[in-house]
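Everything on this sheet refers to the single structure shown next.
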Amino acid sequence: MALVGKHALVTGGGSGIGAAIAMALAEAGANVTICGRRREPLEATAARHNNIAAEIADVTNDESIAQLYARAQTVRGAFDIVVPNAGSARSAPAEKVTRELWMSTLNVNLTGAFLSVQPAIAGMRQRGWGRIIFIASTAGLKGYPYVAPYVAAKHGVVGLARALALEIAKDGITSNAVCPGYTETPLLNQAVARIVANTQRSEADVRAALAADNPDGRLIQPQEVADVVLRLCAEESASVTGQAIAVPGGEPW
């Protein structure tokens, strides 16, 4: 129960990696606020642990984020831990990427990550403690075909984590990016469905091919990512900052 008395925000916390992180933090004693745009999965995750509360919020909208902070911090105190996890990925050849696709991908994955963190920084400085943990991707460390906006956004997230780390290192706050490879999540399921529709391959074949991209031959599990986040919250990780920590299943970059 190392995080008793801490308040954590996990965006995109209704499913997949976000839900696993919320559960891990709650089981470590933290009060956890999860947010997203769909009420049903948020409430389902919140129902799994008494320390988790759900809020509707759009991470791409600064007014929505301000309202989230006002509601959550009034009830449960200031945020000590912020985990920007909300993300989206849509595929297209680079020459067919529309401006709408480009902007929407950057808005959710990069701008949303910054907006989710920015209001917490001043309070963390005042208290002399904080943990900012961006959920990026191995796409923030290397290139992948047909997802240029997503790769660009996740590279931006890694850069953001490193820039913040230099600004806040003397204030007892760490800033890192966790970079999973192909992980068993609803986002991956959507990618599988798109590939099946576009190639007429079977779902089993597509999933096997994605798993094979991880040298250990399997998809990463959300709990494995959550475990890394939990370690970064520990006092023993006070000097781990400005890092892009891969959870790649052996995938090189």
Side-chain angles (χ1 to χ4, degrees), residues 3 6-28 30-61 64-65 68-69 71-72 76 79-90 105 107-117 120 131-140 150 153-154 157-158 160-161 175-191 219-233 245-247:
L3 298 180
K6 304 298 186 185
H7 186 192
L9 171 64
V10 181
T11 71
S15 62
I17 290 172
I21 291 169
M23 284 295 298
L25 294 173
E27 289 174 353
N31 289 318
V32 183
T33 297
I34 58 174
C35 75
R37 290 182 287 191
R38 296 181 296 127
R39 184 175 299 279
E40 184 175 345
L42 291 170
E43 291 183 345
T45 297
R48 295 170 57 194
H49 201 289
N50 290 335
N51 285 10
I52 303 177
E55 294 280 355
I56 299 296
D58 179 355
V59 299
T60 68
N61 184 302
S64 180
I65 289 294
L68 162 69
Y69 267 73
R71 291 192 302 267
R76 312 185 104 190
F79 287 120
D80 305 289
I81 300 163
V82 181
V83 185
N85 165 74
S88 68
R90 292 154 56 191
T105 303
N107 281 341
V108 173
N109 293 285
L110 180 53
T111 302
F114 178 68
L115 293 179
S116 299
V117 165
R131 296 290 186 267
I132 297 170
I133 305 167
F134 297 94
I135 304 304
S137 166
T138 50
Y150 183 75
K154 291 302 188 181
V157 170
V158 170
L160 173 59
S175 171
N176 293 287
V178 178
C179 302
Y182 287 114
T183 306
E184 187 77 64
T185 65
L187 192 64
L188 182 108
N189 293 339
Q190 294 170 15
L219 295 173
I220 295 158
Q221 297 303 302
Q223 186 61 48
E224 296 176 274
V225 183
D227 289 342
V228 175
V229 171
L230 199 58
R231 286 197 293 274
L232 288 172
C233 290
I245 300 169
V247 187

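Keep in mind that this is a model prediction, so the values were computed, not measured.
Looking at heavy atoms from C-beta onward, Arg48 lies out of side-chain contact with Ile52 at the 4.5 angstrom threshold. Side-chain atoms of Thr138 and Lys154, non-hydrogen and from C-beta on, never get closer than 4.5 Å to each other. In this structure the side chain of Val225 reaches within 4.5 angstrom of the side chain of Val178, judged on heavy atoms. Contact annotation: the side chain of Tyr150 never approaches that of Ser88 to less than 4.5 Å [non-hydrogen atoms, C-beta and beyond].
Looking at every heavy atom in both residues, Val157 comes nearest to Asn109 through CG2-O, 3.2 Å. Arg71 approaches Ile56 most closely through the heavy-atom pair NH2-O, 3.0 Å. Here the closest non-hydrogen pair linking Ala177 and Ala136 is CB-CB, 4.3 Å. Annotation for Gly14 and Leu42: closest pair N-CD2, 3.7 Å, computed over non-hydrogen atoms.
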Yes or no on side chain to side chain contact (heavy atoms under 4.5 Å, CB included) for Ile220 and Tyr182, after CA distance, side-chain angles and deciding distance? CA-CA 6 Å; Ile220 295 158; Tyr182 287 114; 6.0 Å; no
Please walk me through it: do Asn176 and Phe134 pass side chain to side chain contact (heavy atoms under 4.5 Å, CB included)? CA-CA 6 Å; Asn176 293 287; Phe134 297 94; over 6 Å; no
The test is side chain to side chain contact (heavy atoms under 4.5 Å, CB included); show your working for Thr60 and Leu115 and say whether it passes. CA-CA 7 Å; Thr60 68; Leu115 293 179; 5.6 Å; no
Check step by step if side chain to side chain contact (heavy atoms under 4.5 Å, CB included) holds for Val229 and Ile135. CA-CA 9 Å; Val229 171; Ile135 304 304; 3.9 Å; yes
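A donor-acceptor pair is defined here as one N or O able to donate and one able to accept, closer than 3.5 Å; no such pair exists between the side chain of Arg131 and the backbone of Asp80. Side-chain N or O atoms of Glu55 include none that pairs as donor or acceptor with a backbone N or O of Ala53 at under 3.5 Å. Put simply, the side chain of Glu43 never gets that close to the backbone of Glu40: no donor and acceptor are under 3.5 Å apart. Although no hydrogens or angles enter the test, the distance criterion places a donor-acceptor pair under 3.5 Å between the side chain of Ser175 and the main chain of Ala161.
Partners of Leu3 according to the side chain to side chain contact (heavy atoms under 4.5 Å, CB included) rule, which considers only residues two or more places apart in sequence or in another chain, are Lys6, Leu25, Ala28, Ala30, Ile81, Leu230, Cys233. Qualifying side chain to side chain contact (heavy atoms under 4.5 Å, CB included) partners for Pro222, counting only residues two or more places apart in sequence or in other chains: Ile17, Ala20, Thr183, Glu184, Thr185. Residues passing the side chain to side chain contact (heavy atoms under 4.5 Å, CB included) test with Thr11 are Leu9, Cys35, Val59, Pro84, Asn85, Ala86, Ser116, sequence neighbours excluded.
Annotation: the span from Asn51 atom CG to Asn31 atom CG amounts to 5.0 Å, rounded to 0.5 Å. In this structure, CG on Asn107 lies 10.5 Å from CG on Asn61, to the nearest 0.5 angstrom. Atoms CD1 and OG1, from Ile21 and Thr45 in turn, are 12.0 Å apart once rounded to the nearest 0.5 Å.
Heavy atoms of other residues, nucleotides or ligands lying less than 6.0 angstrom from CZ of Arg76 number more than 12.
Classified by interplanar angle (parallel below 30°, tilted 30° to 60°, perpendicular above 60°), the ring pair Tyr69/Phe79 is perpendicular.
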